[in-house]
Every structure is written in C-alpha cells, then in structure tokens.
Amino acid sequence: MSGRFSPRPTRTTVRGGHVGVPVGVPRQASAAGRVRNWVPEGPLDLGLVLGPLRRGPGDPTFRALPDGSVWRASLTPAGPGTLRVAAAGGAVRGEAWGPGAEWLLDRLPELLGASDAPEAFVPRHRVVATARHRRPGLRLTRTGLVLESLIPSVLEQKVTTDEAYRAWRLLVRKFGEPAPGPAAGGRLWVMPAPRTWALIPSWEWHRAGVDNKRASTILRAVRVAGRMEEAMRMDPAEAQARLEVVPGIGPWTSAETVQRSHGAADAVTVGDLHLPGIVGWALAGDREADDSVMLELLEPYAGQRHRAARLILLSGQVPARRAPKMPRGDIGKL
C-alpha cells in the first residue's frame, strides 16, 4: 500500500492505509468475463477496504488502475481467478475470469465488507472519532482464503518492508502463473499452489532474500494447506490457535492473517516493532508503550481493537522518528 502521510510510513503504518483509487466511470475490460453487480449498504471506499491486501506497490497479484478499478488475482478452491472491481453511482461492478471466477463473484460482498459491522464501533478517543468521521467508507475485508494472507505475512516477519515486498514479488512472478483473463494488461500473476511452494529449491529462497527460518515456516504451512484453509470455518480466535500450531507462526503472523482472511475486527497485532508506540502516542502521548500498555489502552474497544488500531494508523498521529531506519539487507547477495 502506498504512503498517506509524512514521515515516510513504516510497514505498520501502511497497513492502516489506503490505496488511491480514482473516482470515475470505469472502462470496460477488453474480454468479457462473468459479471456481478452489488449495491452496498452505506458508503464504501474501495481503496480503504482492499488496500490491506496489497503487498507493496509492485505486488504482482494486485493492481489499482487510473480508470478507478481494482484488480486482484487469487488462487481459489476452484482454481486461479482474476477479479476486477469498480464502483460507480453507489453500486459495485465485479467482473471475473478463470476457473475461480464464480467463487470470487459469490464472495464479492464479503470481500468488500458486507459481513463487517462498522456501526458497532463506538469511538472513545478524539483521534479515533476524527479518523472514523473522515473515512466513512472503511470496512474490513474478508477474503475467505488463509494461505493467500499467511504466506506474505510470514515473509514480513522481522525484516524491512522493502525486503518482504521484494521477496513476495520475486517468488510469485517466478513460481506463480499468469492470471486468467485480460489481467490488467497482462501484468497480474496468481500466487503458486501449495505443492509449488513446497518444491521451491533452497537457493531460490536465498536469491529472493528469504532466510531459512521464514522459508521453513512457509514449507511447514503449505504441507498442511488443507488444515490451514479449514480455519475459515472457525471464529478468528480459534483460527489463530490453529495457525499457531505450525512452528514459526506466532501471534503476530496469525493476527495479520485473520485480519484479512476473516475480517477479524478484534485481532489486534501484538509483537510488532512499531504499533505499540504508535497507539501509545496517539492515545496517551507515550511513544515507549509496549504490547501490555497498548492492549490496556485498547481495552475500551474490546471486540473492535483491530478496527481501532487501524483508524489510529489512518489518523497519521505517529511519533517523529528518533533513530535511523532499519537497514535493508539482501542475503541473496551473500
């Protein structure tokens, strides 16, 4: 996701952000796919809803185009599929291609936050109330796919944003497959299937800058891919517990996953380098806050803590940087 405020955002702050999607009349795709029209109840901002699904501006599975459309390529239970979403006149038009087209269109409302309940959220702080007032179209997406969010979340463990996004980009383009349909000018790719992830040679992980610990975690997860996807039938807390059975997946990674796969409004991210200080600064002027302080500050939002944290990130109320950025490494050059 692109940055929304200064100073240049960290990986944490961009997770709360917004993909710029121009408002206008969308162009029609060059090759017709299956179509579904849907009218949301209340305001809907495509950039805010779908923004957390983009893993950097060069994400090969995601495109936001100048015509106002958002394109996504997904590996669904029915096979690969491409989805184009555009909003105009209070309605949303979804068009999809490939074996997974029907699956994607069936779940279009949930992807755009139909199962979310933003009206249940009650702001307890001025900064949160202001952020919510300025972004009435914020809803929490629910993709219905676990590995799609789990694998890039594992890649983001304990590295810089640039390193994680680069690894995702290189691996998807090399081992994935071109997305079906027009695919936004042929630039979209579907992420690899679980078996393909499992067969990636060790040197290719190294070239992508992925250390053995993260690569091994992904390999353990894809070997039980079916069990991972079964977590969609669980509530978010149970799903997190299921994911954390896999060695290398902890509370940070499981929360980042269910926030996207389940639309989990209360799955606050713990164990993050930046988030506690940002929440502490915004709500109490405490830039040294740790996880325990953050959870205490977010207690009034029990049941909606992830939404509260995301609104805080969107507010731009972040403490000024006091130290150099974490240096970017590239083990592929070793």
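Just so it is clear, the values below take in all heavy atoms, side chains as well, and ignore hydrogens, waters and symmetry mates.
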Between the side chain of [X] and the main-chain N/O of [Y], is any donor-acceptor distance below 3.5 Å?
X      : Y      : answer
Arg36  : Leu105 : yes
Glu229 : Leu147 : yes
Arg242 : Arg227 : yes
Arg132 : Phe121 : yes
Tyr301 : Arg124 : yes
Thr141 : Leu111 : yes
Trp197 : Pro192 : yes
Arg220 : Pro247 : yes
Ser74  : Thr76  : no
Arg135 : Leu314 : yes

Next item on the list: Assess the side chains of Asp162 and Thr160: does a donor N or O sit below 3.5 Å from an acceptor N or O?
Entry: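 Per modelled atom types, Asp162 and Thr160 side chains form no pair under 3.5 Å.
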Notebook entry, point to check: Regarding Gln259 and Thr269, is there a side-chain donor-to-acceptor distance under 3.5 Å anywhere?
Noted result: yes
Nearest 0.5 Å, please: how far is [atom2] in [Y] from [atom1] in [X]?
X      : Y      : atom1 : atom2 : result
Asp59  : Leu53  : CG    : CG    : 9.0 Å
Leu171 : Arg166 : CG    : CZ    : 9.5 Å
Trp252 : Asp291 : CH2   : CG    : 12.5 Å
Leu155 : Arg214 : CG    : CZ    : 6.5 Å
Leu188 : Arg84  : CG    : CZ    : 12.0 Å
Thr61  : Leu75  : OG1   : CG    : 11.5 Å

Heavy atoms only: give me the nearest [X]-[Y] pair and the separation to one decimal.
X      : Y      : result
Arg34  : Ala101 : CD-CB, 4.2 Å
Gly303 : Asp266 : N-OD1, 2.8 Å
Arg55  : Ser153 : NH2-OG, 3.6 Å
Met232 : Ser261 : CE-O, 3.3 Å
Ala167 : Ala208 : CB-O, 3.4 Å
Ala231 : His262 : O-NE2, 2.9 Å

Next item on the list: Would you mind reporting whether Leu199 and Phe175 have side-chain heavy atoms less than 4.5 Å apart?
Entry: no
Note to self: In the structure I gave you, are the side-chain heavy atoms of Glu256 and Ser149 within less than 4.5 Å of one another anywhere?
What the structure shows: no
Note to self: If the threshold is 4.0 Å, N to carboxylate O, is there a salt bridge linking Asp211 and Lys158?
What the structure shows: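 Answer for the salt bridge query: no.
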Notebook entry, point to check: Hey, are Glu148 and Arg260 close enough for a salt bridge, meaning a charged N less than 4.0 Å from a carboxylate O?
Noted result: no
For [X], is the [atom1] atom crowded, meaning more than 12 foreign heavy atoms sit under 6.0 Å from it?
X      : atom1 : answer
Arg173 : CZ    : yes
Glu296 : CD    : no
Glu119 : CD    : yes

Margin query: If hydrophobic clusters are built from ILVMFWY residues whose side chains come within less than 4.5 Å, do Trp281 and Val293 share one?
Written below: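 Per the 4.5 Å side-chain linkage, Trp281 and Val293 are not co-clustered.
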Check: Is Met228 reachable from Met191 through a run of I, L, V, M, F, W or Y residues, each pair having side-chain heavy atoms under 4.5 Å apart?
Finding: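 Yes, Met191 and Met228 fall within the same hydrophobic cluster.
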